[in-house]
Amino acid sequence: MIYLDANSGEMLRPSAREAMLAAWELPGNPSSVHQAGRAARALMEASREAIASAVGAQARYLVFTSGGTEADGLALRAMGSGRRLLVGATEHDAVRTAAAGGEVLPVDRNGVVRLAELERRLRAEGPALVALMLANNETGVVHPIAAAAELCRAHGARLHTDAVQALGRMPIDIGALGADSIALSAHKAGGPKGTGALVMAEDFPAAPLIAGGGQEKGWRGGTQNLPAIAGFAAICGVAPPDHLAMRDRIGEAAKEVGAIIAGEQAERLPNTLCLVLPGVRADLQLITLDLAGFAVSAGAACSSGKVAKSHVLEAMGFGADAGSAIRVSLSWQTDQAQIEQFIAAYQTMARRLLRSKHT
Ligand code: PLP
């Protein structure tokens, strides 16, 4: 199988595996005062420092969570209390669900937030919390977060940015972004699944989803998952793979057989390509490619494994074709030979399914 689904889950990096194996040998609880506890705490705090500094933040404002979903939920709860919520139309369900009932910020045809509309909404009564992701999981489209943050500041609003898909794929600096908080997840960047972080720019009052024993300065109760945290730290600071030429080679080859690249004119993650094949159902494309030995995703996969219409592509104006896209997302292990094999399989699949659509 050739794995081209890194945005669902990146392949584990050896450095993460090694760090986790070492951490599993530590018996201590980071909250214990004895020597074993202190050793565990030292590893946890060194990991916090490494992750925070990889995103230009201070370690004392980083809260470990069970992943991106929890970090987003925690951010909206803590930063959004008593505020109107303005939520990007192409946000991940982790944010959309936590912000249910919030106002939706439209995007343009390329999937980029409409800043003029954001400004118009920010002028309305009452303080707001804006939730706008750095890079979209389905299309790779990068939003102009620094410009959005400036508008937010000018209108007394806060900004939370889901940076889950950006980690390990593009530089992230919370200060340069101007966001009040960002959400991270280790497994999109070659770390373990089930661990992530909420990183804040300054001290905000804790609003825990899980109170428990008051760990993480009251932000999240429960003994921290030290092996996962050590694995998370091990992937921070690794230089992003150079995927751009591979991504664009696939894109050009897909266009030759009638595909449309979603968000083509926008800045996009170098590893992510969303290919729309008009009139051809995404699940047929997926199954055909799976049988040919390639793991890719539909625009949006539900937890049930069913393929739904993509709300991201709907927001971008794809209409009925919002159910006709697959996402190709390159892993740090992807090489040129795999790309050429994928192109051959994609072109065969597209020609066949487009032909059968007309017969
Ligand atoms: N945000 C984005 C943009 C994502 O792509 C994902 C995962 O697909 C999440 C949040 C959720 O992260 P996790 O799987 O760590 O809960």
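In what follows, residues are counted from 1 in the order of the sequence shown. Quick note: numbers below take in every heavy atom, side chains included, and nothing from hydrogens, waters or symmetry partners. Note that ligands are numbered from 1 as they come in the structure, with each ligand's atoms numbered from 1 the same way.
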Relative to Phe318, does Arg109 satisfy both conditions: NZ or CZ under 6.0 angstrom from the six-membered ring centre, and within 45 degrees of the ring's axis? yes

Kindly identify the option in Gln165, Glu70, His92 whose heavy atom sits closest to atom 6 (C) of ligand 1. His92

Residues which pass salt bridge (Lys or Arg N to Asp or Glu O under 4.0 Å) with Glu10, listed by chain and number, not counting sequence neighbours: none

Residues passing the side-chain contact (heavy atoms from CB on, under 4.5 Å) test with Asn225, sequence neighbours excluded, are Pro227, Ala228

So, does His187 sit close enough to ligand 1 that a heavy atom of it is under 4.0 Å from the ligand? yes

Only one of Val142, Asn136, Val107, Val141 passes side-chain contact (heavy atoms from CB on, under 4.5 Å) with Val112, and that residue is Val141

Going by atom types only, do Thr272 and Asn7 share a side-chain donor-acceptor pair under 3.5 Å? yes

Could you list the atoms of ligand 1 found under 4.0 angstrom from a heavy atom of Met133? 3 (C)

Show the atoms of ligand 1 that are less than 4.0 angstrom away from any heavy atom in Gly67. 15 (O)

For ligand 1, which atoms have a heavy atom of Asn137 less than 4.0 angstrom away? 3 (C), 5 (O)

Atom indices of ligand 1 within 4.0 angstrom of Lys188 heavy atoms, with elements: 6 (C), 7 (C), 8 (O)

Within the 4.0 Å heavy-atom shell around Ser185, which atoms of ligand 1 are there? 13 (P), 15 (O)

Quick one, Lys217 with Arg60, criterion side chain to side chain contact (heavy atoms under 4.5 Å, CB included). Give me CA distance, side-chain angles, the key distance, then yes/no. CA-CA 9 Å; Lys217 294 189 191 146; Arg60 64 196 157 123; 3.4 Å; yes

For atom 13 (P) of ligand 1, closest protein heavy-atom neighbour: Gly68 N, 3.5 Å

Identify the residue among Glu18, Glu25, Arg17 that makes a side-chain contact (heavy atoms from CB on, under 4.5 Å) with Leu21. Arg17

Ranking Val164, Thr69, Asp162 by closest non-hydrogen atom to atom 16 (O) of ligand 1, top hit is Thr69

